[in-house]
Amino acid sequence: METLDGPVLVLAGAGTGKTRVLTTRIAHILATGRAVPHQILAVTFTNKAAREMRERVGVLIGQSVEGMPWLGTFHAIGVKILRRHAELVGLKSNFTILDTDDQVRLMKQVIEAQGIDEKRWPARQLANAIDGWKNRGLTPQQVPAGEAMSFATGKGGELYAAYQARLKTLNAADFGDLLLECIRLFRDNPGVLSEYHRRFRFMLVDEYQDTNVAQYLWLRLLAQTQAGEKPNVCCVGDDDQSIYGWRGAEVDNILRFEKDFPGATVIRLERNYRSTGHILGAAGHLIANNEGRLGKTLFTDDVDGERVTVAGSWDSGEEARAIGDEIEALQRQGHALNDIAILVRASFQMREFEDRFVTLGLPYRVIGGPRFYERAEIRDALAYFRATMQPADDLAFERIVNVPKRGLGDATVQILHDYGRREGVPMMQAARILVETEELKPKPRQTLRNLMTSFGRWAGQAETMRHQDFAQLILEESGYTDMWQKDRTAEAAGRLENLKELVRSMEAFENMAGFLEHISLVMDASEEGASEDKVSILTLHGAKGLEYDTVFLPGWEEGLFPHQRSLDENGRAGLEEERRLAYVGLTRARRRAKVWFASNRRIHGLWQATMPSRFVDELPASHVDVVEASSAYGSGGTFAMSRFDRAQPFSGSTYSTPGWQRAKQNMEAGFKATNAPPRREPLTIEGELVARSTGTASVYKVGDRVFHIKFGYGEIAEIDGNKLTVDFDKAGRKRVVDSFIDAA
DNA sequence: CTTCCGTATGTTTTT
DNA sequence: CATACGGAAG
């Protein structure tokens with residue numbers, strides 16, 4: 001770790017203190033005077049990681065050093081560089097950054113402009129292709145002919161080129177460009193590149209296993225050195241935690257680090273400070289099934305602790321109930337809900353848990369749902385701001401020209417669009433010109449005139465008011481807030497709340513322009529109050545980098561985990577990535593990891609018999625307990641939940657328990673998917689609900705109109721202590737706990 | 001231009 | 001099953 005000079009690869013296993021390595025290294029470089037803050041380039045993948053690193057460096061070196069300007073995500077640093085040299089890549093320095101949604105809409109236009117049927121060749125698909133090419137560092141000219149052919153019978157490359165051209169006219173860049181254009185900048189302008197060579201004395205990269213080709217090329221360019229010199233580049237990562245291959249990450253980057261940087265020092269961190277012995281043992285054994293690893297074996301000085309448990313359930317509903325019960329049991333033993341997480345493979349699995357927890361009145365939070373910036377209301381609001389601030393931002397203008405509905409539909413937009421393209425002016429300007437002509441029908445013409453007057457007025461006010469008041473004003477005068485206030489659906493209240501939050505978050509910025517720049521890059525939700533005690537529900541992907549005392553891992557079934565699609569599309573590599581995901585899941589646990597699988601699961605609405613995941617088989621018997629599912633569910637009927645015999649957990653690596661056998665038999669018998677659940681649950685729910693009722697009289701009465709944060713408005717049908725049965729207008733009849741309810 | 005109904009389609013997700 | 005999107009009718 002003291003090695004400061006030359007290339008260093010730190011292979012940091014899960015829970016070995018990866019972030020600590022990076023932060024102490026930075027602190028060390030600064031403390032020893034080897035460089036000053038602005039000579040250090042430190043890149044991360046996510047804003048969260050960047051923020052965390054910044055904070056931790058700050059703590060280590062004290063307030064004496066002003067922040068590090070070159071600590072950030074690949075993209076944030078890319079933008080910073082591009083803005084300085086924008087003209088060299090055909091942009092102006094105030095270029096707009098498009099997100100995925102803008103991207104797709106623009107591509108749709110490009111596809112249609114080429115006279116291609118957008119239905120046969122969806123924009124979405126082209127966006128994915130182009131994204132893939134950009135991830136691999138390919139410009140339109142460099143796309144392999146075969147691949148360019150694959151879209152729209154050979155138009156793929158052309159469309160990519162046309163799209164890039166459109167971006168330049170719009171003075172815009174998409175996320176991929178932030179790196180790709182940087183690469184082009186460096187390649188075409190050696191002078192610029194060497195300026196950065198001189199500047200960056202030390203380079204550090206976090207999560208190196210997640211880098212894609214473009215990021216790799218970018219880094220290589222920056223790490224180029226004079227002959228004989230070795231770059232001071234330090235990459236930290238863990239090949240066993242590479243789970244973003246489907247997004248362009250190349251594990252290869254980390255596997256061949258030593259070839260790329262001859263004479264590199266490789267440091268392995270294998271001492272784990274997070275988990276108990278049994279958890280590490282199980283995870284290590286599992287991941288050893290992968291080939292092509294750099295190979296690490298984690299160890300700990302901690303106790304062996306509890307074995308990893310494996311439990312089966314009849315179906316996903318029972319899985320949710322059993323896990324809910326276990327969590328309540330843990331809670332009674334004094335465990336904080338914040339220390340408990342449920343890690344799922346696919347987000348559809350979350351719903352069952354949510355429903356169950358709502359019924360139980362067990363507080364939970366879903367991590368990683370739709371991002372703040374992705375929400376329609378936020379994007380609409382931002383589009384208003386963008387259109388006001390940057391009158392050439394056609395995409396923003398198009399987005400909100402008819403939101404709220406004001407009678408300016410496709411026909412009108414098309415006219416503006418055509419005129420703009422023909423005359424080479426932005427749509428807003430086209431609109432100003434056209435309202436003075438006879439080209440538009442009287443009604444839309446008047447509406448459009450009013451709208452343009454508003455935009456004109458707002459643009460004038462931008463300078464004179466505080467930007468948050470300014471934002472508020474636009475949202476109100478445009479009728480946007482009004483639109484949601486009139487909306488009585490479940491989400492409307494939340495949307496208004498989000499808008500308020502958006503305006504509130506602007507306070508932290510100098511002005512509107514600064515805010516827009518930030519939001520286009522950062523775009524993640526304002527930190528949710530982690531202060532309340534709640535169970536976390538998140539995907540395995542979302543769990544990377546996090547840790548919890550107790551981790552529940554439901555849905556370990558063939559087809560779901562490993563996911564069938566991963567297997568089909570990427571074969572062995574896909575399987576190995578799934579296995580790494582399992583490894584990530586297990587290693588999130590500090591004290592308890594609890595694996596679950598169900599024998600039946602509803603997939604696409606049909607009940608399917610499922611087989612336990614091969615990963616269950618790959619867990620070593622010596623670190624695992626096969627446990628009986630919660631007894632409450634096992635006792636009713638012949639087909640009731642099987643018991644797993646504690647006394648004979650395994651024979652070899654094959655399970656011999658009844659549930660296991662039955663699950664396999666079900667598969668082998670070729671159980672056909674049915675429309676009906678394979679079996680009705682015993683009526684334990686009612687008994688349990690009654691038993692659990694607090695008896696406290698509810699403040700509500702039958703027939704009251706209420707509002708539920710998740711289900712919206714509804715009417716109370718029954719009351720049972722603090723458990724209410726509510727007929728929701730949209731969500732139907734649900735049983736909920738009254739603490740989740742407000743009077744409507 | 002809006003509303004409603006039918007059909008298609010169901011991983012993982014950051015910037 | 002449930003939702004999301006696109007096409008046809010009002």
Listed partners of A/Glu354 passing side-chain hydrogen bond (donor to acceptor under 3.5 Å, both in side chains), at least two apart: A/Tyr364
Results of salt bridge (charged side-chain N to carboxylate O under 4.0 Å, His left out) for A/Glu181 - residues two or more places apart only: A/Lys168, A/Arg184
Contacts of A/Glu439 that satisfy salt bridge (charged side-chain N to carboxylate O under 4.0 Å, His left out) - sequence neighbours left out: none
Presence of salt bridge, A/Arg105 and A/Asp102, under 4.0 angstrom: yes
Euclidean distance, A/Leu575 CG relative to A/His563 NE2, rounded to 0.5 Å: 13.5 Å
Interatomic spacing from CD in A/Glu618 to CG in A/Asn289 - rounded to 0.5 Å: 4.0 Å
Kindly give the atom pairs (protein nitrogen or oxygen, nucleotide nitrogen or oxygen) under 3.5 Å for nucleotides 7-10 of chain C.
| from | atom 1 | to | atom 2 | distance (Å) |
| --- | --- | --- | --- | --- |
| C/dG7 | OP1 | A/Lys119 | NZ | 3.2 |

Selection: residues 209-219 of chain A, any non-hydrogen atom under 4.0 Å of DNA chain B: none
Salt bridge (charged side-chain N to carboxylate O under 4.0 Å, His left out) against A/Asp380, all qualifying residues, sequence neighbours excluded: A/Arg399
Which pairs, protein N/O on one side and nucleotides 2-5 of chain B N/O on the other, fall under 3.5 Å?
none

P-based separation of B/dT14 from C/dT3 [nearest Å]: 22 Å
Inter-nucleotide P distance (B/dT11, C/dA4), Å rounded: 12 Å
Got a list of protein N/O to nucleotides 6-14 of chain B N/O distances below 3.5 Å?
| from | atom 1 | to | atom 2 | distance (Å) |
| --- | --- | --- | --- | --- |
| B/dT11 | O4' | A/His563 | NE2 | 3.3 |
| B/dT12 | OP1 | A/Ser347 | N | 2.9 |
| B/dT12 | OP1 | A/Ser347 | OG | 2.5 |
| B/dT12 | O4' | A/Arg345 | NH2 | 3.3 |
| B/dT12 | O2 | A/Trp246 | NE1 | 3.2 |
| B/dT12 | O2 | A/Arg345 | NH2 | 2.7 |
| B/dT13 | OP1 | A/Thr539 | OG1 | 2.7 |
| B/dT13 | O4' | A/Arg247 | NH1 | 3.4 |
| B/dT14 | OP1 | A/Arg371 | NE | 3.2 |
| B/dT14 | OP1 | A/Arg371 | NH1 | 2.3 |
| B/dT14 | OP1 | A/Arg371 | NH2 | 2.3 |
| B/dT14 | OP2 | A/Arg371 | NE | 3.1 |
| B/dT14 | OP2 | A/Arg371 | NH2 | 3.2 |
| B/dT14 | O4' | A/Arg247 | NH1 | 3.3 |

Residue list, ring pair (Phe, Tyr, Trp, His ring centres under 6.0 Å) with A/Phe552, at least two apart or on another chain: none
Residue list, side-chain hydrogen bond (donor to acceptor under 3.5 Å, both in side chains) with A/Thr44, at least two apart or on another chain: none
Involving DNA chain C, stems made of at least three consecutive Watson-Crick or G-U pairs, both distances under 3.5 Å: B:1-10 with C:1-10
Residues in salt bridge (charged side-chain N to carboxylate O under 4.0 Å, His left out) contact with A/Glu398, at least two apart in sequence or another chain: none
Within 6.0 Å of CG in A/Asp568, more than 12 heavy atoms from elsewhere: yes
